[in-house]
Every structure is written in structure tokens, then in C-alpha cells.
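The next block holds one structure in the form of C-alpha cells; read it before the comments.
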Amino acid sequence: MRTKRISGELQQGLNRNEKWGILGQILVFALMLLGVILLMQRLRMAIDRKTQSYLTDVAMQNAYRIDERFHALQQNLEWVKEHLKHETEDRQPAFLLNAADLLGFDTLSIQPGEAKAGVYLCENQQIEVTIPMEDQRQLTGRMSQRRIQRMIQSQSFGGESLSCIADAQGKVIISPTSLAPFMKLDEIFVEKRDAKVIADIEQMQQRMLRGERGVIQFTARDQSEQVLSYIPIQNGKWVLLTLVPAAYMSREVDLYAFWNCVVLGLLLVFCALILLLSLYRGWKHRRRLNEIAFVDDLTKAPNHSGFQMLCRHRLETAGSLGQSILFINLKHFKLINESYRSETGDQVLKIFMECLLDSISEQEVAGRIEADHFALLVRGQDFEQLRVRMNQLQKAVQAKLTEQKIGFSLTFNAGFYAMESPSQDIQVMLGRAKTACWSAEKQDLLICQYDQKLIDALRYEHALSEAFPEALRSEQFMIVLQPKVDPQTERVAGAEALIRWKHPEKGMMPPTQFIPVFENNGLIVQLDTFVFEHVCRQLAAWQKAGKTQIPISVNLSRHHFKSLDFLSHLQTLAARYQVDPHLIELEITESIFFDEPSIERVKQIVHQIHQAGFTCSLDDFGSGYSSLGLLKEFEIDAIKLDRVFFPEVLDRRSRVVIEGIIALAKNLNLEIVAEGVEHADQAAFLREIGCDRIQGYYYSPPLAPDAFDSLREQMDQGCWKSS
């Protein structure tokens, strides 16, 4: 019911300007009626003129209908094009076949090449309607000669009229159902035996070239009087020719006069039907265009444009006092399409939109902006009240999903902007709410406000991004190593390379202050490469000094995997420093498995890491909810237990979980590293259950390379003691 109300409101707003158009058409009809009455007074003297005028009017209606039909076909192709984006490649042929049958085409196809949108003539008097698509392709709908003949043929004049389409030079390009009269007309065009016919035809050809309409009356070779109208269509590219026997229009004048009243009544009814049909077709066509332009096809709620229009209408009538714009992004929505069917994903979007509409009042607006992004115009600007509303919405959505037996926990992030003036641009406010939403996602918050605090944070991120190139050139970044200790021998068996920033103004900055910023803007790729190169230098230095080599792990951001050749660059760096790639372990987090669109793509990446000679570990294991599934799917070498497994006091349940994961890892021949270990009882428990490596402040914090070498030497000599 709410969706129908919103759709009706959209339609009402769009139809306001159409009332004058309808009144204009009624006025035109009234004027036509008045003209017919005046012409009746001198019927015999003006019979030819009236015949030609009548033929022109009917032919123009037919021409308008044909132009409208061609335009509708192009709009239908736009509709097909938009729906193709939601269809998988293997479903596209069947979709095109069904769409062709539904929309009146003989065939619908996607062809290579660029083409302008338009209607074109092809062989055998067939028509192609074409619109461009992405990737230098075009969507083409083809109609057969017979279908086009039915479309252009007028049913007026008792079926005795014939219509065809010619080019501006008069050459017939779409023939009528009966060729005989037009074959004779072609002969007249060629022979030009009658001087008047010659003059009339030349004038007609000139007017056709100028895109003008008109009527010509002539005597055919069989001595029958014919009346021919020519109306430009397709913006003057083609001409609609309508041929009617003059005898049909001018039968016995006395008989025509006798039946004058009858004909006039029929004419009025006929014109009224034409008007009503025209109004109905125009209304239906506009309604469909409005749905395409302003209504989301899946949820039947306002789309991006419809949301903006309704918001503007609300602000014009009620103002912006105490109102806010919210932007909502569904988290990990792509997992639904990966784990379930696309139909399930569509169902989830519909459920979310239903809950969104149920949560708003009559004066509020909700819409689906695109994909898994939604927007709201709501009353209220209090952060806590909006947070409560978002919590209630999340509970309602989850309850609905449970009711529909969809076993997926759907969460979202929201950002809002408190309106200041009704004259503010909706798109600008929506963009600010979107910025707040992305900030909420980065901070793992339910909702975030676009305010001065957020602006300051964005400026801070911008300042760090601006300072990054100089910091990289002047080596303000420094590498520290945190040891990975074998708990059985209590010797350093490996290390993880971490980064610190010695800022000239802010001093020593921890990673939490700049890593998320660079992760967000993509600069993390350069920073990770910087760390990788320094690790190669360190391994080369150990090799040159004759020290025992130990593996060092390097963190890789998900942004690396957007480039197909990132591993070749790392291989080049390792070869430059003559470092054995097996000594470098690439740590990837669970986020890459959810950011990459294809599971197979991630499997290929892990396989390529091994082919390059590096080892691969899964960092922050257990921080996500699909970790065990990842162990089954991907051939990683090691896993790092996240610090969430190691609270200050290890209870029985925590011990059982940790012991089970380690046993599972050993059965899969995986090395297991426990990170974030800070207490002796934690280390003792891990040593007892056979954990391979321990990393944490219990043994050592991250150290500069020289200090790391000293600690390593102490532990090798058995001189290390826990503090």
C-alpha cells in the first residue's frame, strides 16, 4: 500500500504540467470541429480542398503514431539495456528472446561495434532499431517487412487506402501490402507525361527534400483519380506516403450532401476516438517513461531521481526544519549473491525496502539509490534518536529475514546530514550523508553524522595523504620487527615486519593513526612495497653478515590484488637483493576473500603466490565469521590466531576453542601463529598444546632491526628471561 501511494504521488507530481497539454488537444479538436462546420456551407466548391485536408489530418495522425511507435521501440530497448545489467551472461539470450516477443520485435541481439541510437533501414525492407551499449557494443531490435507494413497501414478510408514509407527523393523503401498503385506511381515519376503532374511531382519532391508535408492529386494510368499525401517522419529522414482513391472521398456529391449529417456525426465520433486514443496512448507512454525514470524496477520504490524529486516536493511544502538526509549501505551484500542465488539477493533488497517504508511516516521519504544503497528523508536531527531508529530497522529486517527463512545476518552502515536550509541541493546533501556512511563503515559504526568532527577527520586524512610522498622520499617511515618465537625452544623462529612513521611535526606515529587512511585512499600499496623492499634489504644484510636466515612476514593490503601483475613486481625486488622468496611470507587478511568478486579469483591469487616462491598466511584468523570455510577452500601455509582469542584470563571455553583450532590446523599441515600473547600463562598453555609460533609482548614488542638482532642473539644463547 505504501509503495502504491508513493508511486501515485510521483505520478501526480509528474502530471501537473500535462493538464495544459490535454486542454490544448481538446481545443484543437474543437477548432477542427468548427472548421468542418464552416466548410460544410460551401461543400461543393471546396470538396477537393476538404478531401485533401481530411487526408492530410488522417495521414498526420498515422505519421504521429508511427513516429511514436519508433520512439517507443527505442525506449523499450533502453529498458532492455537496463535489465541486461542484472542478467548473467548465460541468461541473456533467453531474456532477449522473451523481451523481443513481449516488445514487438522479431529479434533482439547484442552486436559488436558502435552505433548511434536510431531507426535504420536494412535489407529486404526490414527495420533495425539500435541503441549503443558499453564496451563498444550495440543493442539491436529487428522488425520484419510484414510487421512494419501492419504498423504503417492506416485503417481509415474503409480499408481502401494504402501507406508506404519513402526516402526524401521519393524512392519507396517500405512497400505497402499491395504494390500495384505504387508501381503505377513509380511509372508516373519516371514518365512524367502530364505537364500538371510533372509540375506537381517536382513541387512535391522539393517539399519532401525540405521536410514539408502536402497532398497531390493525379490521374493514374487506369484513369482513376488518386489522392496522395506525404508527411515527413523520423525528423524528415523518411516520408509517409498515403494513397487514397479520390472516388472514395467524392462519391456522388448529392448523395454525400444527403448523408451530410450522418457523415458529420460519424466524423465527430471518429475524431473523438482518435483524440481519446491519442490521449490514452500518450498517458500510457508517459506513465511507463515515468516508471523507468523515477521508480526502481525491483522494489517499486523511488529510485535516485524519484527520491530527489519527492524530497524537493517535501521541502517546498513543509520546509527543512528539523529534517535529515540518511544514506544506508548494506554490508557484505555481495556475499549473498556469492553464497546464495541472485534471486535471494533480490528478495533481500525487497525485504529491506519494505522495512524501510514501514519505518517512515507520511511526511518522510525512502528510496533505493542504486545496488545496495538506500536513502531516507526523515524528521529529526538528534543523533541518538536516529541511532535508535536504525537499531529498530536492523531488528525489523532481521526478523523479516528469519520469517522468510533466509539464513543470512544482514547489517548496514548509515550516515546522515542535518539539513540547514530548504534551498540546499538534494544531491549535495545526499553526498554528505554518503560520506558519513563511509566513515561509519571505516569505524565499524552503525551510524555516523556529517558534522565538523567528521570534516576535521577528513581534513586530517587529506593532510596525511598530502604528506605521504615527501615522507616516503625522506625516509620518515621506519621498519620494526616483532619476533615470532618457537615456544618449545624459546628462540626466535621468524618475524613480522611492521611500519612506524616518524613525523617531523607529530613525532612517532603508531600505525593506527595512518594505516586506515592509506588503506582507504589506496596509498597503502606504495607503503607495503616500501616495507617489502626493506625486508629484502634486511634479509640480504643477514645473509651478508653470515647470520642464520629466518622468515619475515609482510602484510599485503587488499588493494594489491586489484593489479594482475603485483606479484611480478615483488619477485623483481626479491631477485634484485638476491633473497630466497621462501624466506618471505605474505600475510593476507580475511577481507580480501570478501572484497574479490570471485572465489576462483582468490584461489588463483594464492596459487600464484606459491608459484612465485613466497609462502602465504592468513592474518587475523577468527576475526571474521567464515574463517573455517576459508581453511577448506584455500591452500594457505599458515594461520595467525587473532588476539581476540587471548583475553587477560583464559577461561575453559577459550582454551577448548584454541585447542580445537590448533588441532585442526595441524591436521591440515598448517603452521599456526598466536599473536597478541602478553601473559606467561597464555604462553604456557600454547606451548602445552603444541602451538608452532608465539608473537606478542610477552616475548617482545616490535623492535628496530638492531635491537631485534640483539634480542635474537640473547634468546639463541638462552639468556632471555621474561619480565
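Side-chain atoms are counted along with the backbone in the values below, which use heavy atoms only and exclude waters and symmetry mates. Count residues from 1 along the sequence.
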Worksheet entry | Chi angles and distances behind the side-chain contact (heavy atoms from CB on, under 4.5 Å) call for Ile174, Leu121 | CA-CA 9 Å; Ile174 301 296; Leu121 177 71; 3.7 Å; yes
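- Every pair passing salt bridge (Lys or Arg N to Asp or Glu O under 4.0 Å) that includes a residue from residues 103-113 is listed here, sequence neighbours excluded: Asp106-Arg147.
- The nearest pair of heavy atoms linking Ile233 to Val239 is CG1-N, 4.3 Å.
- A distance of 5.0 Å separates CG of Leu298 from CG of Asp346, quoted to the nearest 0.5 Å.
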Q.
Checking Phe294 against Phe307 for the ring-ring contact (aromatic ring centres under 6.0 Å, His included) test, could you report, in this order, the C-alpha distance in whole Å, the side-chain angles of both residues, the deciding distance, and whether it holds?
A. CA-CA 8 Å; Phe294 298 103; Phe307 177 79; over 10 Å; no
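- Using a 4.5 Å heavy-atom threshold, the side chains of Met429 and Met419 count as touching.
- Qualifying side-chain contact (heavy atoms from CB on, under 4.5 Å) partners for Ala117, counting only residues two or more places apart in sequence or in other chains: Gln74, Ile131, Pro132.
- When every heavy atom of Glu364 is checked against every heavy atom of Ile360, the shortest pair comes out as OE1-CA, 3.2 Å.
- In this structure, Phe327 has its ring center no closer than 6.0 Å to that of Phe416.
- Side-chain N/O atoms of Tyr230 and Arg207 include a donor and acceptor closer than 3.5 Å.
- A search for side-chain contact (heavy atoms from CB on, under 4.5 Å) contacts involving Ala166 returns Leu241, not counting sequence neighbours.
- In this structure, Ser144 OG and Arg150 CZ are separated by 6.5 Å, a value rounded to the nearest 0.5 Å.
- A heavy-atom distance below 4.5 Å is not found between the side chains of Asp296 and Pro302.
- Looking at Phe352 and Phe333, their side chains never come closer than 4.5 Å, going by heavy atoms from C-beta outward.
- A tilted orientation is assigned to the rings of His83 and Trp79, their planes being inclined by 30° to 60°.
- We find the CD1-CZ distance between Ile369 and Phe374 to be 9.5 Å, quoted to the nearest 0.5 Å.
- The closest donor-acceptor contact from the side chain of Lys237 to the backbone of Pro232 lies at 3.5 Å or more, if one exists at all.
- By the side chain to side chain donor-acceptor pair (under 3.5 Å) test, His373 pairs with Asn329, sequence neighbours left out.
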Stepwise side-chain contact (heavy atoms from CB on, under 4.5 Å) test for Ile127 and Leu73
CA-CA 11 Å; Ile127 289 293; Leu73 291 174; over 6 Å; no
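- The structure places CG of Leu102 at 8.0 Å from CG of Asn76, a figure rounded to the nearest 0.5 Å.
- The two atoms that bring Lys81 and Leu139 nearest to each other are N-CD2, 3.9 Å, heavy atoms only.
- To the nearest 0.5 angstrom, Ile66 atom CD1 is 11.5 Å from Glu68 atom CD.
- Looking at residues two or more places apart in sequence or on another chain, you find a side-chain contact (heavy atoms from CB on, under 4.5 Å) between Lys85 and Glu82, Glu134.
- For the 3.5 Å distance criterion, the side chains of Asp90 and Thr88 qualify, holding a donor opposite an acceptor.
- In the displayed structure, Arg312 atom CZ is contacted under 6.0 Å by more than 12 heavy atoms of other residues, nucleotides or ligands.
- Under the salt bridge (charged side-chain N to carboxylate O under 4.0 Å, His left out) criterion, Arg91 pairs with Glu87, sequence neighbours left out.
- You'll find the side chain of Met204 stays beyond 4.5 Å of the side chain of Val215, heavy atoms only.
- The side chain to side chain donor-acceptor pair (under 3.5 Å) test applied to Gln203 returns no partner, not counting sequence neighbours.
- In this view, Glu78 satisfies the salt bridge (charged side-chain N to carboxylate O under 4.0 Å, His left out) rule with no residue, not counting sequence neighbours.
- For Gln145, the side chain to side chain donor-acceptor pair (under 3.5 Å) partners are Gln125, Ser175, not counting sequence neighbours.
- Residues in residues 269-279 take part in no salt bridge (Lys or Arg N to Asp or Glu O under 4.0 Å) pair, two or more places apart or across chains.
- A search for side-chain contact (heavy atoms from CB on, under 4.5 Å) contacts involving Gln138 returns Gln111, Ala115, Thr130, Thr140, not counting sequence neighbours.
- With sequence neighbours excluded, the residues satisfying salt bridge (charged side-chain N to carboxylate O under 4.0 Å, His left out) with Glu128 are Arg142.
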**Criterion side-chain contact (heavy atoms from CB on, under 4.5 Å) on Leu356 and Leu376, from CA distance to verdict** = CA-CA 8 Å; Leu356 209 58; Leu376 289 169; 3.7 Å; yes
